[in-house]
Amino acid sequence: MTDFAHMLAGYRRFRETGWTQQRERWDELSEGQSPRVMVIACSDSRVDPAQIFDTGPGEIFVVRNVAALVPPFETAPGHHGVSAALEFAVQVLKVGEIVVMGHGKCGGCKAALSQELKDAPPGEGGFIANWIDLLDDARETVVAQFGDDLGRDAHRAMEQEGVKVSLANLRSFACVRSKERKGELKLVGAFFAISDGQLHILDEQSGTFSPA
């Protein structure tokens, strides 16, 4: 398994290859960034957007968190990390697209569905439970369809419903709604299946995901 010593070896390879061979690109990036796409993805180690989409340095602006969730717009006191990143991407970088990418075998979505962390104290699962309660309404939708059978099909439905929740919450931000209405911003829902490496894209009209 990789540890920090292995990571340092990787860094040295990067300096010898990625940095040196793309020095002109890195010189450009030293002056600033201008990505056209923001990707909101899960923190899961198996779903790195840069790897999945085979992008180079500076091409995508990425936010990763448990279950690839976007909270709704709110002004209550607190540290709104996702909202700050979204605001920066939309208002400062002026990205043209936002991709919300859920994935298979998502632990956050599984916990939201099973409610196994419900009432856990902070530091022992409580922070996760508080975060994934953003999926409570999605859970009701899945349970209404699958009942007590919370097997793999229900898990995948929950993972895909989570993408829809984040898209809806994105549209609770006035800057997103305005730019989408003007055609300056496009929202995309996606789902990456770890089991077969297949990316699926959401058709928001039908509510279904199809292979890309």
Side-chain angles (χ1 to χ4, degrees), residues 1-7 38-52 61-89 98-173 189-197 199-200 202 209:
M1 296 294 289
T2 298
D3 57 20
F4 189 61
H6 286 93
M7 292 168 62
M38 177 183 192
V39 179
I40 300 167
C42 186
S43 298
D44 192 301
S45 62
R46 299 166 292 181
V47 287
D48 178 6
Q51 182 178 37
I52 292 169
F61 184 78
V62 180
V63 170
R64 299 179 71 177
N65 61 49
V66 173
L69 291 174
V70 177
F73 178 85
E74 58 185 3
T75 57
H79 297 93
H80 304 292
V82 177
S83 300
L86 173 63
E87 187 175 68
F88 183 74
I98 300 175
V99 178
V100 176
M101 186 178 72
H103 71 93
K105 306 297 179 67
C106 178
C109 288
K110 179 182 177 182
L113 186 59
S114 68
Q115 296 194 316
E116 60 196 73
L117 297 176
K118 187 175 178 61
D119 300 324
E124 298 179 25
F127 288 124
I128 301 171
N130 184 61
W131 177 247
I132 59 177
D133 69 12
L134 290 167
L135 293 172
D136 282 353
D137 289 345
R139 181 183 188 277
E140 290 184 9
T141 298
V142 173
V143 171
Q145 179 181 357
F146 291 92
D148 294 330
D149 181 13
L150 301 183
R152 184 66 208 119
D153 288 344
H155 287 167
R156 173 160 289 202
M158 187 70 183
E159 292 154 0
Q160 296 185 344
E161 285 298 317
V163 173
K164 298 174 186 178
V165 167
S166 286
L167 290 172
N169 287 344
L170 279 171
R171 293 184 173 108
S172 71
F173 289 78
F191 174 83
F192 179 73
I194 293 175
S195 59
D196 61 9
L199 185 74
H200 301 254
L202 173 65
F209 287 79

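We number each residue from 1, following the sequence as shown.
A heavy-atom distance below 4.5 Å is not found between the side chains of Lys110 and Leu113. Using a 4.5 Å heavy-atom cutoff, the side chains of Asp44 and Lys105 are not in contact.
Minimum interatomic distance between Pro49 and Val62 (heavy atoms only, all atoms of both residues): CG-CG1, 4.1 Å. Taking each heavy atom of Ala154 and Leu150 in turn, the nearest pair found is CB-CA, 3.8 Å. Ala68 approaches Met101 most closely through the heavy-atom pair CB-O, 3.6 Å.
Expressed to the nearest 0.5 Å, how far SG of Cys42 lies from CZ of Phe192 amounts to 12.5 Å. Taking CG of Asp196 as the reference point, atom CG of Leu199 lies at 10.5 Å (rounded to 0.5 Å). Phe146 CZ to Thr141 OG1: the interatomic distance, rounded to the nearest 0.5 Å, is 11.5 Å.
Among residues two or more places apart in sequence or in another chain, the side chain to side chain contact (heavy atoms under 4.5 Å, CB included) test is passed with Val163 by Val100, Leu167, Phe209. Under the rule for a side chain to side chain contact (heavy atoms under 4.5 Å, CB included), the partners of Asp48 that lie at least two apart in sequence or sit in another chain are Ala50, Gln51, Arg64. Under the rule for a side chain to side chain contact (heavy atoms under 4.5 Å, CB included), the partners of Asn169 that lie at least two apart in sequence or sit in another chain are Val70, Pro72, Val165.
Side-chain atoms of Arg46 do not come within 3.5 Å of backbone N or O of His103 as any donor-acceptor pair.
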N/O donor to acceptor pairs below 3.5 angstrom from side-chain atoms of residues 115-136, sequence neighbours left out:
residue	atom	partner	partner atom	Å
Glu116	OE1	Ser114	OG	2.6
Trp131	NE1	Val66	O	2.9

Pairs of donor and acceptor atoms involving the side chains of residues 75-88, under 3.5 Å and at least two apart or interchain, shall be tabulated with distances.
residue	atom	partner	partner atom	Å
His80	NE2	Ala76	O	2.7

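The environment of CG in Asp148 is sparse: at most 12 heavy-atom neighbours from other residues, nucleotides or ligands sit within 6.0 Å.
Residue pairs meeting the salt bridge (Lys or Arg N to Asp or Glu O under 4.0 Å) criterion with at least one member in residues 156-169, sequence neighbours excluded: Arg152-Glu159, Glu161-Lys164.
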